Visitor: 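What follows is a structure written as structure tokens; I'll ask about it next.
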2 protein chains.
Amino acid sequence: MPTPVATPVRRESPVVPVQESEAPCCVPSHGQESLLAGEAEALAARFKALADPNRLRILSIVSSSPEAETCVCDLSEPLNLGQPTVSHHLKIMVEAGLLTREKRGVWAYYSLVPGALDSLAATLSPKASR
Amino acid sequence: MPTPVATPVRRESPVVPVQESEAPCCVPSHGQESLLAGEAEALAARFKALADPNRLRILSIVSSSPEAETCVCDLSEPLNLGQPTVSHHLKIMVEAGLLTREKRGVWAYYSLVPGALDSLAATLSPKASR
DNA sequence: TCGATACATCGACACTCGTCGATGCCTAGC
DNA sequence: GCTAGGCATCGACGAGTGTCGATGTATCGA
């Protein structure tokens with residue numbers, strides 16, 4: 001049984017707080033080091049909302065629009081996507097907590113959730129992002 | 001496809017620089033506002049590497065390990081995943097430029113690419129992260 | 001009241017992704 | 001050389017995802 005690295009020392013913990021995690025190597029530590037499964041899943045769900053080029057472009061368009069809000073029809077054209085597809089992407093991002101929907105008359109305006117992206121960024125690099 | 005590994009990142013404008021995009025509503029602006037399709041795809045690819053709970057946990061374990069490096073066998077157990085699956089996830093993150101692989105003897109040690117997560121975080125929230 | 005418009009939802013399809021067992025490669029030790 | 005062990009790769013399978021056309025819903029104007 002080899003034991004390569006095994007120096008119990010911890011720094012801060014990028015990528016989200018962690019608990020314990022210093023099994024020598026190939027030892028059934030088994031416990032809940034690292035992210036708790038539930039937390040990892042919640043985080044992954046939010047990153048999944050960012051894991052699509054068209055959704056990133058939607059975020060880009062929304063955040064750069066005059067009042068930081070955009071209606072569906074503004075997105076369909078530049079993205080070369082059908083209206084149902086755009087609605088689908090928007091719904092995903094609303095459910096991920098990245099966008100909010102406000103219906104005014106016939107139009108639905110989408111805008112960024114303040115701090116949503118920041119908090120995700122903080123998860124990636126807790127201290128700062130230069 | 002070439003290997004990304006620490007791609008350049010831009011800051012400024014939230015979610016990445018954008019140009020103009022203020023058509024009244026439902027006007028064929030058509031141009032390339034927003035992210036360029038290629039950039040959006042590259043970014044999405046990196047977020048996709050984060051869009052899985054097990055990969056997030058791998059990052060967590062790696063970053064919290066003594067020397068910020070871990071071998072495959074350290075991951076298979078706590079994640080309850082088979083060794084091929086862990087290797088698969090690691091490969092994805094290496095190709096995304098998040099991890100680096102260093103083989104020493106029989107073992108393969110994975111460690112975080114310095115600044116990789118920070119640059120991704122900066123893409124989300126250019127100025128700071130809380 | 002009726003038609004037009006903006007958007008959401010539904011059903012379907014092709015494609016990708018996460019996972020596994022089986023197998024191959026490479027290094028260390030005998 | 002030969003064997004053992006750690007890891008990568010391959011092939012396959014089920015589940016999930018992005019996209020679309022068709023249809024439903026709600027609001028506004030005539």
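To find a chain, count down the sequence lines: A is the first, B the second, and so on, and within it residues start at 1. Side chains included, hydrogens not; waters and symmetry mates left out as well; all remaining heavy atoms used. The shown structure was predicted, so the numbers you read here are calculated from the model rather than taken from an experiment.
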Visitor: Measure the distance from CD on B:Glu95 to P on C:dT16 and round it to the nearest whole Å.
Guide: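 Atom CD in B:Glu95 sits about 15 Å away from atom P in C:dT16.
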Visitor: How long is the line joining CH2 of B:Trp107 and P of C:dG29, in whole Å?
Guide: 8 Å
Visitor: Counting just side-chain N and O atoms, does B:Asn80 come under 4.0 Å of either OP1 or OP2 of C:dT19?
Guide: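 Answer no for this pair, as no side-chain N or O of B:Asn80 is under 4.0 Å from OP1 or OP2.
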Visitor: Please report, rounded to the nearest Å, how far the P atom of C:dG18 is from the CG atom of B:Leu50.
Guide: 12 Å
Visitor: Identify, between A:Arg104 and A:Ile92, the residue whose nearest nucleotide on DNA chain D lies closer to the 5' end.
Guide: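 Upstream on the strand: A:Ile92.
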Visitor: Looking at every non-hydrogen atom in both residues, tell me the closest pair between B:Ile58 and B:Leu79 and how far apart they are.
Guide: CG1-CD2, 3.4 Å
Visitor: Using a cutoff of under 3.5 Å, can you pull out all pairs of nitrogen or oxygen atoms linking the protein to nucleotides 8-12 of chain C, with atom names and distances?
Guide:
| residue | atom | partner | partner atom | Å |
| --- | --- | --- | --- | --- |
| C:dA8 | OP1 | A:Arg101 | NH1 | 3.1 |
| C:dA8 | OP1 | A:Tyr110 | OH | 2.3 |
| C:dA8 | OP2 | A:Ser87 | OG | 2.1 |
| C:dA8 | N7 | A:Gln83 | NE2 | 2.7 |
| C:dA8 | N6 | A:Gln83 | OE1 | 3.3 |

Visitor: Using every non-hydrogen atom in the two residues, find where A:Leu75 and A:Pro78 come nearest and quote the distance to one decimal.
Guide: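 Looking at all heavy atoms of both residues, the shortest contact is O-CD, 3.3 Å.
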Visitor: Name the closest nucleotide to the A:Asn54 side chain, picking from D:dT19, D:dG5, C:dC20.
Guide: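 In terms of side-chain proximity for A:Asn54, the closest of D:dT19, D:dG5, C:dC20 is D:dT19.
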Visitor: For the pair made of CG in B:Leu75 and P in D:dG6, what is the distance, rounded to whole Å?
Guide: 14 Å
Visitor: Identify, with sequence neighbours excluded, every residue that meets side-chain contact (heavy atoms from CB on, under 4.5 Å) alongside B:Asp52.
Guide: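 B:Asp52: side-chain contact (heavy atoms from CB on, under 4.5 Å) contacts with B:Asn54, B:Arg55, B:His89.
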Visitor: Indicate if A:Val94 and A:Ile92 have the same hydrophobic cluster label, given that clusters are the connected sets of ILVMFWY residues with side-chain heavy-atom separations under 4.5 angstrom.
Guide: no
Visitor: Kindly give the heavy-atom pair with the smallest separation between A:Ala40 and B:Arg57, and that separation in Å.
Guide: CB-CG, 3.5 Å
Visitor: Answer yes or no on whether A:Arg104 is positioned over the face of A:Tyr109, meaning its NZ or CZ is under 6.0 Å from the six-membered ring centre and within 45° of the axis.
Guide: yes
Visitor: Taking atom C1' of D:dT17 as reference, at what distance in whole Å does atom CG of B:Asp52 sit?
Guide: 14 Å
Visitor: Please report, rounded to the nearest Å, how far the P atom of C:dC17 is from the NE2 atom of B:His89.
Guide: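 Checked: the NE2 to P distance equals 12 Å.
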Visitor: What integer distance in Å separates B:Tyr109:OH from C:dT27:C1'?
Guide: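 About 13 Å, once rounded to whole Å.
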Visitor: What heavy-atom pair brings A:Leu112 and A:Val62 nearest, and what distance separates the two atoms?
Guide: N-CG1, 4.0 Å
Visitor: What's the CG-C1' distance between A:Leu79 and D:dG18, to the nearest Å?
Guide: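 So the two atoms are 13 Å apart, to the nearest Å.
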